[in-house]
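What follows is a set of notes on a single structure, which appears directly below.
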2 protein chains.
Amino acid sequence: MHDMQKELSTDELMGRFLNQLKDEDQLTEKQKRIMEAAVKLFSEKGFHAASTSEIAKEAGVAEGTIFRHFKTKKDILISLVAPIMLRFASPLLLKDVRKLMGSDLPLDDLLKQLYQNRLQIIEKNWSQIRLIIQEMQFHEELRGAVVENLFGVGRKLAEAFVSSKIQSGEIRNFPPLTVTRALVSMMVGYVFFKFVIFPDEGMNLDDEQEIEIMVDIILNGIRNKE
Amino acid sequence: MHDMQKELSTDELMGRFLNQLKDEDQLTEKQKRIMEAAVKLFSEKGFHAASTSEIAKEAGVAEGTIFRHFKTKKDILISLVAPIMLRFASPLLLKDVRKLMGSDLPLDDLLKQLYQNRLQIIEKNWSQIRLIIQEMQFHEELRGAVVENLFGVGRKLAEAFVSSKIQSGEIRNFPPLTVTRALVSMMVGYVFFKFVIFPDEGMNLDDEQEIEIMVDIILNGIRNKE
DNA sequence: GTCTATATATGGATAGAC
DNA sequence: GTCTATCCATATATAGAC
């Protein structure tokens, strides 16, 4: 029933992802260097503030070479999205998630692991994630791609999980989307404070402790008490 | 080079912030028009993507006029921060908040009102808030000013509130900062989904219902059960 | 104080030699 | 495929007339 639908759209997404993977192997050395330089500079200075000449210098190629491989500067940006999403979206959303969701771990351990993993992935890929969130605001196609592929799939996965837990009576009977958003919000908020507001200082407590409390709170909020 | 001119320190910026209330009355018609046009274009297209000629056109002044009032383009951006923060930071953080915190409303009603008000303020000022969050990433002085003025104050207020509720035994004994972050995270996450991820569609449920559930969940999570 | 005109730099993008 | 040189448009910023 529900689960079948989710499987299908996930597979559909994976299809797209797998196609992108092939493309990635076809990239030449220089193309990769240009793209890496672009990721670095775009995320550091923003898309418009980073010039193609800087990118060329950073990549160690002539400026003209860039435009042999990419029609326009924006083309570089677009070309970055798929690989970036591949690099973190897949592990962010899929890897371990099905395993965790299918496991018989107690909910709190499950959530702790989930948060911990996702946080690590986000931390490792933060500059790239930030770049995408940044530029989503200004390039609609980009937002469309991210929303459809990433959030579409993630949302379905999460909602399926929440729904099943509601039906099994483990968590309270709220709209699954709302519960899902609450769960994700805790992570979004944490990331927001940690990386956006206080990117330098770091937080007071370490991640593991914070997550422990976070899980305690949110789980207490949504769990069915008998 | 481009960034050769001296950066404003955070302190200098805070000075401006405090003085701004007085200064705001001293602004001429043209200056206000330029600043309004700048807010609009910066938030729509980003700081670098918006040109001074566009700003001039939008403001209905000659381009040269801009540079009579603002030394550089970045100066326009800086000049916007204080008024924007004044316009929403004050009501966001202070207006009603003290009143609510001092009231004898039940916690759930109190939280609902708090979320509802804050959401309205954020919605009304979203383009400006977004602009600041955006540019915080790239201009450290700006981040410093926001963090110190806005988050510094907000955090203290919220933590004081949480601490008092912990001592009165109403909510569980967790680190106040963590509880505070959990409370704020719910709002941050909601705003993130509503305005960043799905700025067009809107959400499934209306804000009031969503907030009701949100408060139910989070409060259930942190409240002391007897 | 404001506008017109312009200086000066740099941006993205192309052409052509190798 | 890559680099050198260069085009053209636009960017920020200034000068000078009013």
Side-chain angles (χ1 to χ4, degrees), chain A residues 23-81 131 134-135 138-139 141-142, chain B residues 1-8 23-81 131 134-135 138-139 141-142:
Chain A
D23 290 347
E24 209 169 33
D25 293 329
Q26 291 168 0
L27 294 175
T28 71
E29 228 2 87
K30 300 245 164 175
Q31 277 174 306
K32 279 187 207 161
R33 288 228 305 280
I34 292 168
M35 286 168 69
E36 272 163 32
V39 173
K40 178 162 182 286
L41 290 168
F42 286 165
S43 76
E44 267 174 25
K45 322 178 65 170
F47 174 71
H48 281 282
S51 70
T52 50
S53 69
E54 284 174 300
I55 294 169
K57 210 171 69 183
E58 171 80 28
V61 303
E63 197 171 352
T65 305
I66 289 181
F67 291 97
R68 189 140 308 268
H69 294 291
F70 303 92
K71 245 179 52 211
T72 68
K73 187 170 101 161
K74 183 158 178 177
D75 239 45
I76 310 177
L77 176 65
I78 299 293
S79 80
L80 295 173
V81 178
L131 168 62
Q134 284 276 348
E135 301 306 333
F138 305 120
H139 312 277
E141 341 82 271
L142 209 158
Chain B
M1 315 293 249
H2 43 294
D3 268 316
M4 202 143 83
Q5 71 187 114
K6 188 187 93 184
E7 300 277 326
L8 273 173
D23 289 349
E24 208 167 34
D25 295 329
Q26 294 170 358
L27 293 175
T28 70
E29 233 355 272
K30 300 244 165 179
Q31 278 173 307
K32 280 186 207 163
R33 289 228 305 277
I34 292 168
M35 286 167 70
E36 274 162 30
V39 173
K40 179 163 181 284
L41 290 168
F42 286 166
S43 74
E44 269 175 23
K45 322 179 64 170
F47 174 71
H48 281 282
S51 70
T52 50
S53 70
E54 285 174 299
I55 295 170
K57 210 171 70 181
E58 171 80 27
V61 302
E63 197 169 352
T65 305
I66 289 181
F67 291 97
R68 189 141 305 271
H69 295 290
F70 304 91
K71 243 177 58 209
T72 67
K73 187 170 100 163
K74 181 159 178 176
D75 236 46
I76 310 176
L77 176 65
I78 300 292
S79 80
L80 295 173
V81 178
L131 168 62
Q134 283 277 347
E135 300 306 332
F138 305 119
H139 312 277
E141 343 82 272
L142 208 159

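Letters go in sequence order (proteins before strands), and every chain restarts at 1.
One atom, CZ of B:F70, and another, P of D:dT14, lie 15 Å apart when rounded to the nearest Å. One atom, CD of A:E63, and another, P of D:dA5, lie 14 Å apart when rounded to the nearest Å. Separating the NZ atom of B:K74 from the C1' atom of D:dA13 is a distance of 17 Å, rounded to the nearest angstrom. In this structure, B:E54 atom CD and D:dT10 atom P are separated by 11 Å, rounded to whole Å. Computed from coordinates, the A:I66 CD1 to D:dT2 P distance equals 12 Å when rounded to whole Å. In this structure, the CZ atom of A:R33 is 14 Å from the P atom of D:dG1, given to the nearest Å. The NZ atom of B:K57 sits 15 Å away from the P atom of C:dT4 (whole-angstrom rounding). Straight-line distance from the NE2 atom of A:H48 to the P atom of D:dT10: 14 Å, rounded to whole Å.
Distance check, rounded to the nearest 0.5 Å: CD of B:E29 to CZ of B:R33 gives 6.5 Å.
Residue order along DNA chain C, read from the 5' end via each residue's closest nucleotide, puts B:G60 first among B:G60 and A:G64. Between B:R68 and B:K73, the residue whose closest nucleotide on DNA chain D is further toward the 5' end is B:K73.
Heavy atoms of A:S51 sit under 4.0 angstrom from primed sugar atoms or phosphate atoms, though from no base atom. Residue B:A50 is in sugar-phosphate contact alone, with no base atom involved, counting any heavy-atom pair closer than 4.0 Å across all strands shown.
Within the structure, every side-chain polar atom (N or O) of A:T52 is placed at least 4.0 Å from both OP1 and OP2 of C:dG11.
A donor-acceptor contact closer than 3.5 angstrom links the side chains of B:T52 and B:E63. Between the side chains of A:K45 and B:H48, no donor-acceptor pair is found at a separation under 3.5 Å.
Put simply, the side chain of A:K73 gets close to the backbone of A:F47: a donor and an acceptor are under 3.5 Å apart.
Taking only side-chain atoms of A:V61, from C-beta outward, the nucleotide of C:dT14, D:dC3, C:dC3 with the closest atom is D:dC3. Closest to the A:H69 side chain, of the nucleotides C:dT2, D:dA13, D:dT2, is D:dT2. Listed nucleotides C:dT14, D:dA11, D:dT14 differ in distance to A:F67; the shortest reach to its side chain belongs to C:dT14.
At least one side-chain heavy atom of A:E141 sits under 4.5 Å from a side-chain heavy atom of A:K74.
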